[in-house]
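Heads up, the thing below is written out as structure tokens.
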Amino acid sequence: MTTATATDQTLAPRPAGGPLQAAHDSLVVAKRNLIRMLRIPEVVIFGLIQPIMFVVLFSYVFGGAIPVPGQHGSDPSVYRNYLMAGIFAQTVTFATAGAGAGIADDMHKGLIDRFRSLPMARGAVLTGRTIADLVQTALTVVVLSIVAVIVGWRVHNGVFDTLAAFGLLLLLGYAFSWIGALIGLSVRTPEAATSGGLIWLFPLTFISNAFVPTSNMPSFLRTIADWNPFSATVQACRQLFGNPTGIVSHAWPMQHPAWASLIWSVVIVLVFRTWSVHKYRTAAA
Amino acid sequence: MPGAIHAEGLVKTFGDVRALDGVDLDVPTGTVLGLLGPNGAGKTTAVRVLTTLLQPDSGTAHVAGIDVLKRPNEVRRSIGLSGQFAAVDEYLTGRENLQMVGQLYQLSARVAKIRALELLERFHLADAADRPAKTYSGGMRRRLDLAAALVVSPPVMFMDEPTTGLDPRNRQQLWEVIEELVSGGTTLLLTTQYLEEADRLAHDICVIDHGKVIARGTSDQLKARTGGERVEVVVQDRDLLATATEVMTGFAKGEAKVERQMRRITVPVTGGAKLLAEVIRELDTRGIGIDDIGLRRPTLDDVFLSLTGHAAEEADSDEETPGGSGPDAATGTGTGTGTGNGNETEEAAR
């Protein structure tokens with residue numbers, strides 16, 4: 001069929017398997033998704049505009065109107081510093097809708113079928129996608145931090161704590177991208193994945209301590225907010241950044257927010273990764 | 001000895017629809033099997049099962065001697081899939097697409113790179129190698145898709161309606177590529193709605209409808225089954241159609257088919273050219289003017305018609321869909337052929 005070439009002897013696929021192949025395949029797919037992001041920069045740019053808008057709107061529109069309990073004075077910069085962890089957390093979770101839309105798009109266009117017919121590691125298509133999304137999220141967080149500093153946000157606890165806070169944020173974002181992946185595999189069109197990937201994020205991020213202190217919520221909502229994985233990460237970041245926390249609830253996750261955030265994120269990854277990979281293996285375009 | 005593709009008793013249901021209803025297939029090594037049938041007949045489902053994309057409800061399948069259900073990942077190393085449901089990433093360049101597929105076939109990055117270049121040249125895509133695939137024409141995209149399926153020169157290839165939606169020139173080109181491939185010893189299972197395509201490319205043909213194999217054999221064998229030649233007449237005056245039909249029936253070995261709008265009468269005959277002369281004389285004697293007359297040998301279309309009760313083309317409502325991959329195909333067939341491919345896949349997504 002082909003004229004004899006140097007490659008003919010080496011075309012037999014290498015027998016492979018195990019975690020090494022899984023890592024290799026995931027990186028190949030991640031690279032593909034990162035190339036796509038470079039070729040469709042609009043997606044990345046819109047992903048940046050939204051959180052920047054939120055920072056500006058919340059800081060200047062709500063800033064003076066929302067007092068943070070336990071903090072004296074009505075200096076709007078107190079709310080800005082209180083708010084910022086919430087905006088960071090919202091940004092990393094909202095980025096997950098992209099994972100769902102991307103995977104739904106691949107399903108729709110038949111690419112998932114191509115991948116599934118290749119001798120590649122089972123979870124690699126999804127892992128590659130979530131890794132690429134993590135890179136994009138990290139980029140967004142960097143830009144957002146700069147904007148935050150411009151509007152007056154400051155950290156007070158040193159480099160290690162600050163990096164730990166960003167680590168927890170990215171881990172939360174990574175965990176949520178697996179929920180996005182599952183949504184992407186479960187719907188029929190990319191459009192459905194985008195809206196389906198967003199609607200549940202509104203109650204999740206608003207019934208939390210992200211934008212207003214939970215102490216004024218009805219007790220039923222307050223309990224949800226206190227145990228919300230999202231709240232745990234926000235609270236952990238406030239502590240690690242040395243930002244105002246308001247009056248902190250006695251619920252366990254609010255008293256140990258870094259641990260709570262870590263545990264929540266790991267559990268979400270384990271559950272939704274397993275579920276998504278199973279769904280991927282049985283999926284049909 | 002079982003062939004490179006061997007399946008027994010494949011059954012797959014989607015809700016109430018039996019997409020595959022006990023399908024047996026055998027494709028000897030180095031040959032081409034044409035799987036022929038209208039939309040929704042079960043062709044795509046069969047390919048999806050054999051390429052490990054779909055679990056059948058029952059039945060067994062072996063590809064390249066490997067059990068598809070028990071060792072799917074080993075099967076994936078030996079197959080290439082192209083056509084309706086395989087695809088390329090439109091934001092990646094041709095080269096990047098092929099390199100990615102190569103690496104996912106577990107070739108080293110270096111070999112994947114060399115191989116990508118080889119395939120781009122072979123499929124006349126070298127000039128467009130570094131352009132994103134979304135800038136490619138339909139024919140170029142299809143060639144890239146086929147190249148992706150050939151990255152490891154797999155011994156067994158599956159092509160699902162590879163030329164659907166292509167213009168005649170691109171179709172011709174793709175046929176030549178496929179013929180070259182097969183002459184190199186590749187075993188190929190090809191689904192198609194184009195009888196001409198099956199006639200030209202396939203050694204053996206399997207006609208399926210409603211998930212069942214309704215006929216199999218070589219193209220010649222199938223044509224012989226439909227019972228030889230026919231005389232076809234187009235009369236000048238529609239009012240004389242009844243009289244002409246009466247005349248024709250006198251020569252016929254079966255029932256006459258009358259297409260009123262076309263003023264055309266077709267009857268099965270034996271006796272060849274000599275009979276044709278007699279028909280012309282008789283029609284002339286009765287004063288029936290004719291626009292056209294001819295002796296027709298059976299085509300696969302006739303085979304299809306006689307087997308399924310409807311023509312293949314009738315069922316093919318999306319012939320010119322750009323890209324041809326539309327999962328929304330198979331609407332309004334008007335022949336009650338059941339579920340379309342689009343429905344099949346939607347069902348499968350649940």
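Numbers restart at 1 for each chain; the letters A, B, ... are given by sequence-line order, proteins then strands. What you see is a predicted model; the values in this text were computed from it and never measured.
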Side chain, backbone, both or neither of A/Leu38 within contact of chain B (heavy atoms, under 4.5 Å)
neither
When you look at CZ of B/Arg131, are more than 12 heavy atoms from neighbouring residues, nucleotides or ligands closer to it than 6.0 Å?
yes
Give a yes or no on whether B/Trp175 atom CH2 has more than 12 heavy-atom contacts from other residues, nucleotides or ligands under 6.0 Å away.
yes
If contact means a heavy atom pair closer than 4.5 Å, which residues of residues 121-132 of chain A contact chain B?
none
Any residue of residues 173-181 of chain A which, by heavy atoms, sits under 4.5 Å from chain B:
none
Does a donor on one side chain sit under 3.5 Å from an acceptor on the other, for B/Gln106 and A/Asp25?
yes
Who among B/Ala148, B/Pro132, B/Gly80 has the most heavy-atom pairs with chain A under 4.5 Å?
B/Ala148
Approximate separation, where rounding is to 0.5 Å, of A/Asn33 CG and B/Tyr91 OH:
13.0 Å
Against B/Glu90, only a single residue in A/Arg32, A/Arg39, A/Lys109 fulfils salt bridge (charged side-chain N to carboxylate O under 4.0 Å, His left out); can you say which?
A/Lys109
Kindly give the heavy-atom pair with the smallest separation between B/Leu53 and A/Ser117, and that separation in Å.
CD2-N, 3.9 Å
Quick check on B/Ala112 against chain A: is it the side chain, the backbone, both or neither that has a heavy atom closer than 4.5 Å?
neither
Side chain to side chain contact (heavy atoms under 4.5 Å, CB included) between B/Met100 and A/Lys31, worked out
CA-CA 9 Å; B/Met100 174 183 74; A/Lys31 185 182 158 198; over 6 Å; no
Calculate, to the nearest 0.5 Å, the distance between atoms CE and CZ belonging to A/Met120 and B/Arg76 respectively.
10.0 Å
Of all of B/Asn73, B/Thr51, B/Thr52, B/Asp89, which one pairs up most often with chain A through heavy atoms under 4.5 Å apart?
B/Asp89
Correct closest heavy-atom pair for A/Gly110 and B/Ala87 would be C-CB, 3.8 Å
Is A/Ile49 atom CD1 crowded by more than 12 heavy atoms from other residues, nucleotides or ligands, each under 6.0 Å away?
yes
Evaluation steps, side chain to side chain contact (heavy atoms under 4.5 Å, CB included), between A/Arg281 and B/Gln55:
CA-CA 10 Å; A/Arg281 289 178 61 202; B/Gln55 287 266 335; over 6 Å; no
Measuring from A/Arg114:CZ to B/Ser82:OG, what's the distance to the nearest 0.5 Å?
6.5 Å
Taking every non-hydrogen atom, the tightest pair across B/Leu92 and A/Ile35
CD1-CG2, 4.0 Å
